[in-house]
Enquirer: 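Before I ask anything, here is the structure I am working with.
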Amino acid sequence: MIAVVRFPGSLDHDSAIRAVQAVGGQATYAWHADTELPAGTRAVVLPGGFSYGDHLRPGAIASRSPIMAPVRRHADAGGLVLGICNGFQVLCEAGLLPGVLRTNQSTSFVCRQVELEVVDRHTPFTRELGGSLSIPIKNHDGAWFGDPATTRIVLSYGAENPLGAVASAAGVANAAGNVLGLMPHPEEATDPLLGSTDGLGLFAALVRA
Amino acid sequence: MTRVVVTVMPRDGVLDPQGQAVQGALGRLGFAGIHDVRLGRRIELELEGPDPLGDARRMCEQLLANPLIEDFTVALEG
Amino acid sequence: MTRVVVTVMPRDGVLDPQGQAVQGALGRLGFAGIHDVRLGRRIELELEGPDPLGDARRMCEQLLANPLIEDFTVALEG
Amino acid sequence: MSAPLHRQLGLSDEEFAAIPGLIGRPPTDPELVMFSLMWSEHCSYKHSRSLLRRFPTTGPHVLQGPGENAGAVDVGDGWAIALKVESHNHPSAVEPFEGAATGVGGIVRDILALGARPIALLDSLRFGTLDSPRSRHLFTRAVAGIGHYGNCIGVPTVGGEVVFDDRYEDSCLVNAMCVGLVPADGMLRAAAFGEGNLLVLIGNRTGRDGIGGASVLASAELSADDDSKRPSVQVSDPFTERKLIDCCLELAGGGLLLALQDLGAAGLTSAASEMAAKGGVGLEIDLDRVHLREEGMAAAEILVSESQERMLGLVDPANLDAVLAMCARWELDANVIGTVTGTGNFTARHHGEIVVDIPASALTDDAPSYAVPRDPAPAPVALDLDAVPVPGDLANAWLALLGRPNIASKRWIYQQYDHLVGANTVRRPGGDAAVIRIPGMSRALAVTTDCAERHCELDPRGGGRASVFEAARNIACTGGLPYAASDCLNFANPEKGSTGWRLAEAIEGMSEALEAISVPVVSGNVSLYNESPERAIYPTPVIGMVGLLEDAAASVGHAYGAEGDLVVLLGGGLPRLDASEWLGTASGSPARPDLGREAALVSAMVTAARRGVVTSAHDVSDGGIAVTLAESALAGGIGCTVTLPGGRRADEVLFGESGERIVVTCRPEALAALRESAGDVPVAVIGAVGGDTVEVSVDGMSVRLELERARDVYETTLTKAIA
Ligand SMILES: Nc1ncnc2c1ncn2[C@@H]1O[C@H](COP(=O)(O)OP(=O)(O)O)[C@@H](O)[C@H]1O
Ligand SMILES: [Mg+2]
């Protein structure tokens, strides 16, 4: 069972659940105010959105929610946690991933398709992915800021760097590789009708776990 | 060169959704006795010229603050 | 009740794209002599309790500021 | 000495004099304020109501026509689509970011009031030209506000349009459209019923936002003293709106709501009186139970506050605990503020005293209605082509046209909008219509907003038709069958000049066209008085249209596909420069669209798309066929070589407009099937896809556009214009 955490202001929880189902998995919601993950949780998704309206700093308020304690325990025990966009921001604010997501260089929201390079294929998420992925980004605060020397950068935008991230980072993992955050939205690339199916691999990794 | 500090705060009576969200979050973190939280901006300007405060005030009127919903103050840092 | 003012500013050395954008916009509006613009937050708290400054500091540590990129100060208003 | 209160509030002496007859005594001050707002143009449509009856509003799939918060049509498999367009013009002129943002919030709550999940947003925008600093400011801030709101609430903004013209310099237009999805048998209405049922106010606290907004902002001409109107600006709170959406949908899904109504213009007054009047019941409201943001608000202020992100639900007392628990789960304030009574009266108490007690229908059904003067405008003068110089270098002219803000790519806008959220966007912005799949179904919706404002200025009947047919062609190009429409009639002061006639004529033209394609109008909105002492806007009747695709996977895009595809012109429209973007002014006498031929073209296009015989489709609109060809080539990254029928001036052939034309591509072997799909509609093979230029020959002369140069101009124009 994959737990998709729902905060007030989460937006992409339904899409995340559909993406898990599209690769044959089962998913259910975890509620932000709960103090335990749903029984039988094998992996956790923190979906995109504007939890708490992105007020103060994106992800900051959600990262202090009760549900984050069991998410942290799950991660510490080696369980997989995938944070997408706002979920990535939450993981950074919670200290489960290094760095922080800052306002885009353009200072505006950017919604468009991007090409990603898989630069670290040794995480449970990326082992079976192709070398490059076409997945959309859509965010206002998606420029990763941190220390590239000490961070596992897993996905990069290549040379283009549309948001102004340090080291062109699009997705980073913790040292163990079981917690991954990325700004692009794999749940928006899960069907040929949507223009790409390159997002399915990340959900398949969760289901395999 | 002069450093001018501009503060821009939501006007009294104007909805402050950010402040509300932060107040709620602080309460959930266990802080008690919070009666109000208001969120605004602080802008630090390094200016050159004879009238830095006047310049800052004009910048507020033209760009830095939205007079419909925000009040601003300018001050020399010190 | 005490009013505490928290200011949260980007750390020195951390690039501030919003500040840069504002600086650019001010320049386009015709303002000259702007050497630097830094954008931060001002949070006004109305607190009750014996140690409002200590409380505010703890709020900053736990939520209001991100130490990776931001510095904060707390002060009693006055 | 100041004017009497009723005049300050915008009521005429006659209107004021009619009130005692309706309520049996002179009104109290709060009552007078309520009348002034409810009888304003914005709430009562007093100058347009009689004209709106002309619209076709029925059809086999119409579940809800005009009269509710939004209209709805059945799309099969037990689902219905709700749709509505609304204006937020005047608030956006005062404060573009918050004005546009709250405009989006308002239209979303209209959809939500039906119990529908909002699934798509569109924005229809008009500003002065971008060399005006004020217009640049209004445009960029309005776009930011729309994006901010839509992005935060997770409803994809998938389409829209923008036109820059001097005539909108003093009165910009910000219209927003929302489309929602609701189980056909689970649709909510706004009528109150059942004595003893409870009114629950859910959402943001009530403050002094927008007080006087409805009358001051929306129903009077903006003049030099705009600044004095500023304090009533509303601030948007999309985070609370998102929680309202989630909470109301869970309440509706759980059968916990008997009725639902949003609070928009005139706030509680309008919401409650409409609920009461629709249900033929009374409501008693205790203003002390309204959760306030500010202390010391007067009864009238609470009654008319336009604080955003609030909904009013009708709840069976047996379900109250469950409703309040759900609101608490979503961290939303919720209070029982009133009860349904059998009196038919709108009654309000404040500090224990009755401050309002009037028949609810006096505010709504008894609002005045006026016939507008119908003085025709002078007939348009035929275009003197000889006075229009033929450009010496047609290739450069073509490039320049692609670089006009009205033609150039709108990527700068829609890149700031989350047009994907929900993972249902099949055709993204940038083409003719966006296509969104209906979650859980193989069907999809095509959505667009359109308006032929210059044509409307010259011939409002023809322009009204042209607006509808442009929308229909945009829908049809994706393979969608035009299915339902909403409209927003943006006009100048109807009491002056020919505006009233233009309004009536535009409605007539739109109605004729809608009848020709069997599309009902199920909702709409009117925004009048869009003029300043210096200038009035063009008549701008915006059409929002929804089309239905049986198979989401069969949608058609506007990008050229494969080398060797044939380029085919469908339809027999003749290119004319009258009212064209190339001229850039409303001059000439554009042809009135032919009802039968336009309808046949739309139907041919739908048939061809459904049979899968076309590889791309793009209608000829602003900028003429030269722009159509260039856009499809740019989108596909591949050029074409085309020969166009001549016998007219080359600039007319290239840049001339007129509806009734669609450029499609097909595999050569599919041509026969395309001809067959087209029936009597003219089909002309004009060229083939290939290469990295768009090359057009007319009467032996050839003009070439290099794709890379064209792309640079087309893609960077807007960004440069606002920098
Ligand atoms: N204000 C806007 N908001 C969102 N999308 C827009 C806007 N303006 C234009 N677009 C996108 O650009 C496309 C092309 O616009 P336009 O040239 O007006 O199309 P058409 O002539 O087919 O109506 C639209 O269909 C839409 O997808
Ligand atoms: Mg079109």
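All chains are named by letter (A, B, ...) in the order of the sequence lines, taking the proteins before the strands, and each is independently numbered beginning at 1. The analysis underlying the following values was restricted to heavy atoms, covering all of them including side chains, and did not include hydrogens, waters or symmetry mates.
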Enquirer: Check whether C:Glu70 gets within reach of chain A through its side chain, its backbone, both or neither, counting any heavy atom under 4.5 Å.
Expert: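 Contact with chain A: side chain only.
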Enquirer: Does A:His122, at its NE2 atom, have more than 12 non-hydrogen atoms belonging to other residues, nucleotides or ligands within less than 6.0 Å?
Expert: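 Count not over threshold, so no.
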Enquirer: For residues A:Thr107 and C:Pro17, report the shortest heavy-atom separation together with the two atoms involved.
Expert: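 Of all heavy-atom pairs spanning A:Thr107 and C:Pro17, the closest is CG2-O, 3.8 Å.
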Enquirer: Name the region of C:Ile69, side chain, backbone, both or neither, that has any atom closer than 4.5 Å to a heavy atom of chain A.
Expert: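 When you check distances to chain A, only side chain atoms of C:Ile69 fall under 4.5 Å.
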Enquirer: Using side-chain heavy atoms (C-beta onward) and a distance below 4.5 Å, is C:Arg41 in contact with A:Leu56?
Expert: yes
Enquirer: Please find the pair of heavy atoms, one from A:Glu93 and one from C:Asn66, that lie closest to each other, and give the distance.
Expert: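 Between these two residues, the closest heavy atoms are OE2-ND2, 3.3 Å.
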Enquirer: With a 4.5 angstrom heavy-atom cut-off, is it the side chain or the backbone of C:Ile43 that approaches chain A, or both, or neither?
Expert: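 Contact with chain A involves the side chain of C:Ile43 alone.
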Enquirer: Is there side-chain contact between A:Arg102 and C:Gln18, with at least one heavy-atom pair below 4.5 Å?
Expert: no
Enquirer: Surrounding CZ of A:Arg42 (heavy atoms of other residues, nucleotides or ligands, distance under 6.0 Å), is the total greater than 12?
Expert: no
